Amino acid sequence: MKEQTLFVAQRLSAAVLAPLVIVHVGLILLAVEGGLTAEEILARTRGNVAWAAFYLVFVAAAAVHAPIGMRNILREWTRLDWPAIDSLAALLFVLLLGLGMSAVFAVF
Amino acid sequence: MSTSTNPAGEQETATLAVRIWRGGEQGRWAEYRVAARENQTVLDVVTEVQRTHEPSLAYRFACRVGVCGSCAMTVNGQPRWTCRTHVRKVTGSGTLVIEPLRNLPRIKDLVCDLEPFIDTWQKAGATFKGGRTRHEPPHRVDPDSPARKRADAALQCINCAVCYSACDVVHWNRSYVGPAALNRAWTLMNDVRHVKRAETFDRAFGRDGCGSCHSQGNCVRFCPVELNPAGSIAGLKRMAFTGTEIRDDG
């Protein structure tokens with residue numbers, strides 16, 4: 001994939017993540033006020049299409065954003081060559097997407 | 001030359017302590033004392049050391065007036081053009097410490113190998129390619145067009161490698177092409193005569209290209225001719241979104 005494409009993808013995914021993170025953190029602050037239980041979480045998420053859509057977008061944006069940033073960090077801070085760095089970034093993308101999606105569907 | 005009178009009524013000449021790197025990658029610091037003058041540049045001091053103390057001292061200079069970009073060195077920890085840097089500006093009353101530019105291989109004493117720096121220009125696609133022959137009329141370049149004004153603002157680079165030496169990203173990733181080459185690529189992207197803009201952009205935005213810049217701005221801070229390479233790199237990054245100027249005319 002071209003560097004230009006990755007650069008644009010990371011900036012756009014950051015723009016998507018910014019408001020989502022604010023909502024996510026706000027939700028956590030609200031949710032933990034009266035104590036946090038599994039029942040309380042599931043009552044909010046079970047069958048709720050809006051929250052599922054919200055977190056699916058969140059997971060997709062994070063899965064795009066984080067591996068590109070990690071790729072740059074690996075380039076600057078390790079002696080790994082580009083093929084190894086790209087492989088690790090691709091692995092992180094698959095991991096984040098897979099784990100994130102499974103978490104969203106687990107509580108839907 | 002600064003002189004003062006001691007309690008015995010004798011005239012004393014003020015001296016300046018100078019510490020200079022001798023050797024290549026492996027070397028040592030050598031200390032000298034030269035006359036402290038009212039007006040002296042760092043290059044004047046290096047020349048005086050070579051002429052009066054250390055004939056074998058290697059250093060590089062040519063024009064002595066801030067045009068050729070040959071005499072850049074690290075002075076008291078910061079990259080500077082030594083021919084236009086006054087000693088008092090960098091030392092106060094302390095020692096003058098001079099070593100080769102950072103981020104480049106040291107050859108001997110104050111001379112570093114500029115080949116890695118020059119190579120970055122090729123890597124960043126910073127090579128002009130015109131599309132007209134001598135039998136065709138030259139391009140008309142409108143000096144007031146926005147693109148030409150952007151190119152003009154970045155054009156006066158003297159290739160001194162001060163920005164390359166100042167850049168922390170280059171320091172931890174020697175494959176990064178660095179500010180000077182990307183600044184040059186930016187001028188070409190804004191040059192209507194350049195017919196390989198898509199190729200220049202692809203190279204400037206290639207691996208270890210302008211996407212690696214952290215926008216720390218050391219290049220802007222230390223550029224002796226007050227260019228804004230960080231601004232040029234930001235311009236290339238903006239082009240990644242707009243894509244408007246990225247096309248080959250050839």
Side-chain angles (χ1 to χ4, degrees), chain A residues 1-25 53-54 56-97 100, chain B residues 102-103 120 123-126 164 166-179 181-182 185-186 188-189 196-216 218-219 230-248:
Chain A
M1 197 175 282
K2 284 174 73 171
E3 293 297 315
Q4 179 190 349
T5 309
L6 293 173
F7 178 83
V8 171
Q10 198 192 22
R11 267 61 183 179
L12 291 180
S13 59
V16 171
L17 276 173
L20 300 188
V21 167
I22 291 170
V23 172
H24 176 66
V25 171
F54 176 90
L56 282 175
V57 174
F58 193 113
V59 165
V64 169
H65 186 79
I68 302 172
M70 187 58 71
R71 185 173 172 270
N72 293 335
I73 293 168
L74 287 173
R75 180 61 177 165
E76 289 175 359
W77 290 93
T78 71
R79 292 176 182 274
L80 294 173
D81 59 13
W82 275 115
I85 290 170
D86 284 341
S87 301
L88 285 171
L91 182 66
L92 184 61
F93 170 75
V94 172
L95 265 176
L96 287 176
L97 198 65
Chain B
R102 189 176 72 143
N103 297 341
T120 63
K123 191 175 174 185
Y164 190 80
C167 179
D168 284 338
V169 181
V170 172
H171 188 63
W172 63 62
N173 175 14
R174 296 296 164 88
S175 298
Y176 171 50
V177 294
L182 292 170
W186 169 247
L188 292 179
M189 293 304 295
K196 294 288 183 188
R197 281 199 286 280
E199 184 182 323
T200 294
F201 187 81
D202 277 348
R203 284 172 172 262
F205 229 110
R207 287 184 165 172
D208 302 311
C210 69
S212 301
C213 172
H214 284 232
S215 307
Q216 289 177 328
N218 282 350
C219 51
S232 299
I233 294 169
L236 289 167
K237 288 176 176 175
R238 275 196 302 278
M239 279 184 178
F241 286 90
T242 61
T244 46
E245 292 90 352
I246 309 167
R247 66 185 188 285
D248 277 347

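None of these values were measured; they are calculated from a predicted model.
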A/W77 and B/W172 aromatic ring geometry - parallel, tilted or perpendicular at 30°/60° bounds: parallel
Portion of B/H171 that has a non-hydrogen atom of chain A nearer than 4.5 angstrom: neither
Minimum heavy-atom distance between A/R11 and B/F241, given as atom pair plus value: CB-CZ, 3.4 Å
For the student: nearest non-hydrogen atoms of A/E76 and B/S212, plus distance: OE2-O, 4.0 Å
Value rounded to 0.5 Å, distance of CZ in B/F201 from NZ in A/K2: 8.0 Å
B/A240 versus A/F7, closest heavy-atom pair with distance: CB-CD2, 4.1 Å
Rounded distance [0.5 Å steps], CG in A/L6 versus CZ in B/R207: 8.5 Å
Expected output: side-chain A/E3 to main-chain B/F205 donor-acceptor under 3.5 Å: no
Interface moiety of A/R79 toward chain B, non-hydrogen atoms closer than 4.5 Å: neither
